[in-house]
Amino acid sequence: MPHHIAIVMDGNGRWATRRFLPRLAGHKRGVDALRRCVRACAARGVGVLTVFAFSSENWSRPADEVSGLMELMVKALSREVPDLLRDGVRLHFVGDKDGLSEPVRAGLRQAEEMTAANQRMVLNICFNYGGRWDITQAAATLAARGEVITEASLHTVMGLAHVPDPDLLIRTGGEMRISNFLLWQAAYSELYFSERLWPEFDEAALDEAIAAYVARERRFGKTSAQVAQPAAQGPLRA
């Protein structure tokens with residue numbers, strides 16, 4: 001079982017368009033799919049779930065869709081946080097919060113504070129996030145401190161420094177790219193691409209992705225023969 005699953009939740013707009021609905025209707029159904037996925041991951045013992053909710057490039061979308069997404073985020077938080085609190089899920093929001101309105105920032109802070117003591121599973125929501133932004137802000141943070149920029153020091157100030165790197169990265173919607181998501185953290189993640197649009201991604205689809213992951217051999221630069229040997233000093237890390 002992968003400890004950390006990351007998901008690019010793609011296909012909300014296409015799901016709505018195919019049904020002659022506004023794109024925002026697809027995003028609302030996407031929230032339902034995320035709720036379902038969080039519960040399924042928790043039930044299967046996944047320790048960390050990281051999802052790509054809004055990229056730094058999404059600001060270029062139509063203004064009404066962007067404003068609708070912001071409003072949807074605020075409403076979803078007020079509705080979903082009590083259930084997350086009850087289910088032991090801790091929320092983290094990763095991304096450039098300076099680019100968000102004060103009501104949205106306040107909602108994110110409150111949700112993080114309310115769930116801070118939960119320990120069953122961590123749910124990272126990447127909102128106004130980009131992988132290049134993440135690396136750049138980390139380097140800038142170290143430079144401002146006067147610290148030497150190394151792989152190890154950079155890792156400590158990345159957006160997901162509080163969790164291990166993802167084992168499995170899933171993208172729904174049929175596209176085969178990661179679209180500036182977790183460029184640093186996904187260096188050794190197993191990639192899985194699903195044809196299902198995100199609102200259609202259910203427990204069975206999640207199990208298919210996990211089964212594909214389990215069937216793979218993770219070598220981390222080693223040979224198959226080396227991986228087959230018992231580790232003398234504990235498991236490898238990505």
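Computed from a prediction, not measured in an experiment: that's the story for all the values here.
Counting all heavy atoms, side chain and backbone alike, Cys126 lies closest to Thr50 at SG-CG2, 3.7 Å. Here the closest heavy-atom approach between residue Pro199 and residue Gly26 is recorded as CG-O, 4.0 Å.
Between Tyr129 and Phe181, the ring-plane angle classifies as perpendicular under the 30° and 60° cut-offs.
Residues forming a side chain to side chain donor-acceptor pair (under 3.5 Å) with Lys97 (at least two apart in sequence, or on another chain): none. By the side chain to side chain contact (heavy atoms under 4.5 Å, CB included) test, Ala187 is found to be paired with no residue, residues two or more places apart in sequence or in another chain being considered. Judged as a side chain to side chain contact (heavy atoms under 4.5 Å, CB included), and not counting sequence neighbours, the contacts of Asp202 are Arg36, Arg196, Ala204, Ala205. Annotation: side chain to side chain contact (heavy atoms under 4.5 Å, CB included) contacts of Arg39 (sequence neighbours excluded): Arg35, Asp83, Arg86, Asp87. For Glu175, the side chain to side chain donor-acceptor pair (under 3.5 Å) partners at least two apart in sequence or on another chain are Arg177. For the side chain to side chain donor-acceptor pair (under 3.5 Å) test, no residue two or more places apart in sequence or in another chain qualifies with Ser78. In this view, Val46 and Met1, Ile5, Cys41 satisfy the side chain to side chain contact (heavy atoms under 4.5 Å, CB included) rule, not counting sequence neighbours.
Residue pairs meeting the side chain to side chain donor-acceptor pair (under 3.5 Å) criterion with at least one member in residues 108-118, sequence neighbours excluded: Glu102-Arg109. The stretch residues 62-82 participates, sequence neighbours left out, in no ring-ring contact (aromatic ring centres under 6.0 Å, His included) pair at all. Residue pairs that meet the salt bridge (Lys or Arg N to Asp or Glu O under 4.0 Å) test with at least one member in residues 5-27, sequence neighbours left out, are Asp10-Arg14, Asp10-Arg171, Arg19-Glu200, Arg23-Glu65. Listed by first and then second residue, the ring-ring contact (aromatic ring centres under 6.0 Å, His included) pairs that reach into residues 189-212 are Trp198-Phe201, sequence neighbours excluded. Applying the ring-ring contact (aromatic ring centres under 6.0 Å, His included) rule to pairs touching residues 71-126 yields His92-His162, sequence neighbours excluded.
One finds the CG atom of Asp32 at 8.0 Å from the CD atom of Glu80 (value rounded to the nearest 0.5 Å). For the atom pair His155 NE2 and Glu151 CD, the distance stands at 9.0 Å (nearest 0.5 Å).
Defined by atom type and a distance below 3.5 Å, a donor-acceptor pair is missing between the side-chain atoms of Ser153 and Thr156.
A 4.5 Å side-chain heavy-atom check between His27 and Trp15 finds every atom pair outside the cut-off. With a 4.5 Å cut-off on side-chain heavy atoms, Leu206 and Arg44 count as touching.
Taking hydrophobic clusters as Ile, Leu, Val, Met, Phe, Trp and Tyr residues chained together by side-chain heavy-atom distances below 4.5 Å, Val163 does not share a cluster with Ile170.
In terms of modelled atom types and a separation under 3.5 Å, the side chain of Asn128 and the main chain of Asp96 share a donor-acceptor contact. A donor-acceptor pair is defined here as one N or O able to donate and one able to accept, closer than 3.5 Å; no such pair exists between the side chain of Asp165 and the backbone of Ala186. Listed for the His4 side chain is a donor-acceptor partner under 3.5 Å among the backbone atoms of Pro164. For the pair Ser189 (side chain) and Pro166 (backbone), a donor-acceptor distance under 3.5 Å is present. Asp134 places no side-chain N or O within 3.5 Å of a backbone atom of Met158 that could act as its donor or acceptor partner.
No more than 12 heavy atoms of other residues, nucleotides or ligands shown are found within 6.0 angstrom of CZ on Arg132.
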